2 protein chains.
Amino acid sequence: MDSLLKRINLEIAAIGGKRSRSRAQVIEVFFRTGPHATLEDLAQAVRKRNRTVGYATVYRTMKLLAKLGYAKELDFGDGLKRYESNLESHHDHLVCQECGLVSEFQEPRIESLQEQVAKQHGFLPTMHRLDIYGLCRQCAVAGKKEN
Amino acid sequence: MDSLLKRINLEIAAIGGKRSRSRAQVIEVFFRTGPHATLEDLAQAVRKRNRTVGYATVYRTMKLLAKLGYAKELDFGDGLKRYESNLESHHDHLVCQECGLVSEFQEPRIESLQEQVAKQHGFLPTMHRLDIYGLCRQCAVAGKKEN
DNA sequence: CTCCATAGTGAATTTGAATTTCATTATCAT
DNA sequence: ATGATAATGAAATTCAAATTCACTATGGAG
């Protein structure tokens, strides 16, 4: 974690940036917070520690982390931007439309089929997004009972 | 096309709705316009024919079509909502990050793997979204030349 | 160490797509 | 025809996100 912060600071310096306490706090909170956190979540968490950190700094820092490749921007269509660490291995999402629960999965066979498809279309893929929407186990059961 | 409009009007009537000229124009323009049109695109196209149609009507009509299942809402992460007809068979998207070109593909093997994954997680899928981002053939070639 | 150019900051403002409001108009069952 | 109600368009509102701006902090040059 400390070495991670150091590495990030080096990269920031490399592109002509300076350090700051606020930004360090945002970065630390981000990596400590669970995945799929909204900007609002992150801002809350940061400000819980240090009330003086402004929303703008949270937004700017997350954008910076995304640019450096440490964070990934997510959008599950609810109008809120979410971020997750890009350090963990790649995965896709199952989003419950009822309770909002987001779970993750990996399926290498899907990945390789995507590569194939892209190649067939002369397309050079840099990333992809696969989100499956529906009802989680809990909500599916609850839904059945209602009928 | 005419029979489609009639069918839609029947469904609207069934949920207690009335007809209107503006709405009919929006619907017609939507089905005549290429896929992945933004709301702005649609509004422009409609207002080109009939300047008196307001943006709100375009927005409301597209939401209605989505609710009835005739239109699908898309979001490629550029902050603009797009719509495509839901009459064509299901497909996923290849989005060029350089020129914005969107092309479509179908891959039944991916679909079935998704079903499998969902089942394994006790998840009841209602829909999914798979977008592959990268460079289209044109832009990939152009990018190489630059280096 | 001391400058000082410049990056970063937070509060406040602005942006911009999308939605809602509201007074008016159009539709349609009776 | 009439009256209940859906639909309309212009304008106002919403809301997350981005930007502005006056001020502060950082860190390389000397």
Side-chain angles (χ1 to χ4, degrees), chain A residues 5-6 8-30 36-68 71 73-83 100, chain B residues 5-6 8-30 36-44 46-68 71 73-83:
Chain A
L5 258 169
K6 262 177 199 156
I8 294 176
N9 272 329
L10 275 177
E11 284 192 43
I12 290 174
I15 59 173
K18 295 174 181 172
R19 301 140 175 271
S20 92
R21 165 156 280 280
S22 293
R23 190 152 63 190
Q25 288 177 322
V26 175
I27 295 174
E28 198 178 330
V29 165
F30 168 60
H36 327 124
T38 64
L39 278 166
E40 185 61 26
D41 292 339
L42 292 169
Q44 295 289 334
V46 171
R47 288 164 63 82
K48 199 170 171 181
R49 289 199 191 180
N50 179 356
R51 180 51 41 95
T52 71
V53 176
Y55 277 70
T57 297
V58 179
Y59 281 64
R60 283 187 285 231
T61 301
M62 291 316 301
K63 253 206 158 17
L64 177 62
L65 280 184
K67 197 173 76 177
L68 294 180
E73 292 187 319
L74 305 179
D75 175 6
F76 296 138
D78 58 358
L80 265 40
K81 204 172 276 186
R82 290 154 196 278
Y83 284 91
Chain B
L5 256 170
K6 262 176 200 157
I8 294 176
N9 273 327
L10 276 177
E11 282 193 44
I12 290 175
I15 59 173
K18 295 173 181 173
R19 300 141 175 273
S20 93
R21 165 156 281 279
S22 293
R23 190 153 62 190
Q25 288 177 323
V26 175
I27 295 175
E28 198 178 330
V29 164
F30 167 60
H36 326 121
T38 64
L39 279 166
E40 185 61 26
D41 292 339
L42 292 169
Q44 293 290 335
V46 171
R47 288 164 63 82
K48 200 169 169 182
R49 290 197 189 182
N50 179 355
R51 179 53 42 96
T52 73
V53 176
Y55 276 70
T57 297
V58 178
Y59 280 62
R60 282 187 285 233
T61 301
M62 291 316 301
K63 253 206 158 18
L64 178 61
L65 281 184
K67 197 172 76 179
L68 295 180
E73 292 188 318
L74 304 179
D75 175 5
F76 296 139
D78 57 358
L80 265 37
K81 205 171 274 188
R82 291 153 196 278
Y83 284 91

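The figures here come from the full heavy-atom set of this structure, side chains too, leaving out hydrogens, waters and symmetry mates. Bear in mind that the values here come from a model prediction, so they are computed numbers and not experimental data. Per chain, numbering begins at 1; letters A, B, ... match sequence-line order.
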Filtered N/O pairs between nucleotides 1-3 of chain C and protein, under 3.5 Å:
none

Could you list, one pair per line, each protein nitrogen or oxygen that sits under 3.5 Å from a nitrogen or oxygen of nucleotides 28-30 of chain D, together with the distance?
none

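Distance check: A:Ile27 CD1 to A:Leu5 CG gives 6.0 Å after rounding to the nearest 0.5 Å. Atom CG in B:Leu64 sits 9.5 Å away from atom CD in B:Glu11 (nearest 0.5 Å).
At whole-Å resolution of the value, CE in B:Met62 and P in C:dT19 are 12 Å apart. When rounded to the nearest whole Å, the span between CZ of B:Phe76 and P of C:dA17 equals 18 Å. Note: CG (B:Leu10) to C1' (C:dT27) measures 16 Å, nearest angstrom. The CG atom of A:Leu65 sits 13 Å away from the P atom of C:dG8 (whole-angstrom rounding). Between A:Ile12 atom CD1 and C:dT9 atom C1' there is a gap of 14 Å when expressed in whole angstrom units. Per the geometry, CD1 belonging to A:Ile8 stands 17 Å off C1' belonging to C:dG8, to the nearest Å. For the pair A:Asn50 CG and C:dG8 P, the interatomic distance rounds to 18 Å; values are reported in whole Å. When the P atom of C:dA17 is taken as reference, atom CD of B:Gln44 falls 11 Å away, rounded to whole Å.
Listed by chain and number, the residues in a side-chain contact (heavy atoms from CB on, under 4.5 Å) with A:Leu10 amount to none (sequence neighbours excluded). With sequence neighbours excluded, the residues satisfying side-chain contact (heavy atoms from CB on, under 4.5 Å) with A:Arg47 are A:Arg51, A:Tyr55.
Taking each heavy atom of B:Leu42 and B:Phe30 in turn, the nearest pair found is CD2-CA, 4.0 Å. Considering all non-hydrogen atoms of both residues, B:Leu39 and B:Tyr59 come closest at CD1-CE2, 3.5 Å.
No side-chain heavy atom of A:Val58 sits under 4.5 Å from any side-chain heavy atom of A:Val29.
Applying the side-chain hydrogen bond (donor to acceptor under 3.5 Å, both in side chains) test to every pair with at least one member in residues 20-30 of chain A, sequence neighbours left out, gives these pairs: A:Gln25-A:Asn50, A:Glu28-A:Arg32.
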In B/S/- notation, 5' to 3', how is nucleotides 17-27 of chain D contacted by protein heavy atoms closer than 4.0 Å?
BSBB-----BS

Which atom pairs, one a donor and one an acceptor, fall under 3.5 Å between side chains of residues 73-81 of chain B and the rest of the protein, sequence neighbours left out?
unit_1  : atom_1 : unit_2  : atom_2 : d
B:Glu73 : OE2    : B:Tyr83 : OH     : 2.7
B:Asp75 : OD1    : B:Gly77 : N      : 2.7
B:Asp78 : OD1    : B:Leu80 : N      : 3.1
B:Asp78 : OD2    : B:Arg82 : NH2    : 2.5

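Picking from D:dA7, C:dT9, D:dT8 the nucleotide with the shortest atom distance to the side chain of A:Ser22 gives C:dT9.
The backbone N or O of B:Thr57 sits less than 3.5 Å from a side-chain atom of B:Thr61, completing a donor-acceptor pair. Panel note: side chain B:Asp41, backbone B:Thr38; a donor-acceptor pair is recorded below 3.5 Å.
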